[in-house]
**Student:** 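Let me begin by handing over the structure; questions about it come next.
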Amino acid sequence: MRQAGTYSGILSGGISGKTGPHLLPLARIKKIMKKSGEDVKMISGESPIVFSKACELFIKELTQRSWMVTMQGKRRTLNKEDVASAVMVTDLFDFLVNLVSESGHSGEAPPPLELDTFTSS
């Protein structure tokens, strides 16, 4: 049986529960969830909270990997090419490859990314 983890506090009003501040608007998340398919009709109040936290973690992870590309280029401003390069070299983000390749990412291979320097927090 799975034990309660870091995010178990979310549902009980902890870390960013219903009364706490959310970085992403829950109403917007719920609207996106409802548009995901005709079969999705009812969504519990806790579900958007979990999705909100998942989105925050996703954005943080992609930003950190994109920032590594920026730093390797000896720049101080993260741009869309850095995000595209991070997506291209990270297997976890394969579902975004078509999105970044369509948005103007050059057809050339991205520079090698030194993943051993990445630390997840």
Side-chain angles (χ1 to χ4, degrees):
M1 183 170 173
R2 190 173 171 158
Q3 294 181 354
T6 306
Y7 307 110
S8 61
I10 293 172
L11 297 178
S12 61
I15 299 169
S16 60
K18 286 186 174 185
T19 58
H22 300 282
L23 296 179
L24 300 171
L26 298 181
R28 179 69 177 132
I29 292 170
K30 193 168 187 174
K31 187 175 186 179
I32 293 169
M33 291 171 71
K34 284 186 176 183
K35 287 184 176 182
S36 68
E38 292 179 14
D39 295 337
V40 180
K41 303 220 186 304
M42 299 294 289
I43 297 171
S44 72
E46 295 89 4
S47 296
I49 296 170
V50 175
F51 272 82
S52 175
K53 187 61 179 178
C55 290
E56 290 173 29
L57 295 172
F58 171 76
I59 292 167
K60 181 179 177 182
E61 181 74 18
L62 184 54
T63 302
Q64 288 175 336
R65 290 177 184 265
S66 300
W67 184 248
M68 288 173 53
V69 174
T70 303
M71 296 302 290
Q72 285 182 350
K74 297 183 180 10
R75 291 176 286 104
R76 297 181 60 137
T77 303
L78 189 146
N79 57 45
K80 68 179 184 175
E81 288 79 17
D82 299 327
V83 177
S85 292
V87 166
M88 299 297 277
V89 299
T90 307
D91 291 341
L92 183 65
F93 300 133
D94 279 350
F95 69 99
L96 295 173
V97 169
N98 291 338
L99 177 70
V100 297
S101 62
E102 292 172 6
S103 67
H105 182 65
S106 62
E108 60 192 63
L113 186 62
E114 298 172 19
L115 293 178
D116 58 340
T117 60
F118 178 73
T119 56
S120 181
S121 52

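Throughout, residue positions are numbered sequentially from 1 according to the sequence presented.
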**Student:** S44: which residues meet the side-chain contact (heavy atoms from CB on, under 4.5 Å) condition with it, sequence neighbours left out?
**Tutor:** E46, S47
**Student:** Enumerate the ring-ring contact (aromatic ring centres under 6.0 Å, His included) contacts for residues 53-72, please, sequence neighbours excluded, ordered by first and then second residue.
**Tutor:** F58-F93
**Student:** Once rounded to the nearest 0.5 Å, what's the spacing between atom NZ of K30 and atom CE of M33?
**Tutor:** 8.5 Å
**Student:** OG of S66 to CD1 of I59: how many Å apart, nearest 0.5 Å?
**Tutor:** 11.5 Å
**Student:** Do you reckon M71 sits in the same ILVMFWY cluster as L78, going by side-chain contacts under 4.5 Å, direct or chained?
**Tutor:** yes
**Student:** Just wondering, do K60 and Q64 contact through their side chains at under 4.5 Å, heavy atoms?
**Tutor:** yes
**Student:** Taking atom OG1 of T90 and atom CE of M68, what is their separation to the nearest 0.5 Å?
**Tutor:** 8.5 Å
**Student:** Taking F95 as the starting point, is it possible to reach L62 by hopping between hydrophobic residues whose side chains are less than 4.5 Å apart?
**Tutor:** yes
**Student:** For F51, enumerate each residue passing the ring-ring contact (aromatic ring centres under 6.0 Å, His included) test, keeping only those at least two apart in sequence or located in another chain.
**Tutor:** none
**Student:** Should R76 and T70 be marked as a side-chain contact (heavy atoms from CB on, under 4.5 Å) after you check the CA-CA gap, both sets of side-chain angles, and the distance that decides it?
**Tutor:** CA-CA 7 Å; R76 297 181 60 137; T70 303; 6.0 Å; no
**Student:** Sequence neighbours left out, what pairs pass ring-ring contact (aromatic ring centres under 6.0 Å, His included) with at least one residue falling in residues 25-46?
**Tutor:** none
**Student:** Might you point out which heavy atoms bring V87 and V97 nearest each other, and give the distance in Å?
**Tutor:** CG1-N, 3.9 Å
**Student:** Whether R65 and E61 form a salt bridge (side-chain N of Lys/Arg under 4.0 Å from carboxylate O of Asp/Glu) is what I want to check.
**Tutor:** yes
**Student:** Nearest 0.5 Å, please: how far is NZ in K53 from CG in L23?
**Tutor:** 7.5 Å
**Student:** Holding to salt bridge (charged side-chain N to carboxylate O under 4.0 Å, His left out), I want the full list of residues that pass it with R75, two or more places apart in sequence or in another chain.
**Tutor:** D82
**Student:** Just grab all the salt bridge (Lys or Arg N to Asp or Glu O under 4.0 Å) pairs involving residues 34-45, residues at least two apart or on different chains.
**Tutor:** none
**Student:** Let me confirm one number: the CG-CD1 distance from L26 to I49, rounded to the nearest 0.5 Å.
**Tutor:** 6.0 Å
**Student:** What distance separates K74 NZ from Q72 CD, expressed to the nearest 0.5 Å?
**Tutor:** 8.5 Å
**Student:** How far apart are the closest heavy atoms of V69 and S85, and which atoms are they?
**Tutor:** CG1-CB, 3.9 Å
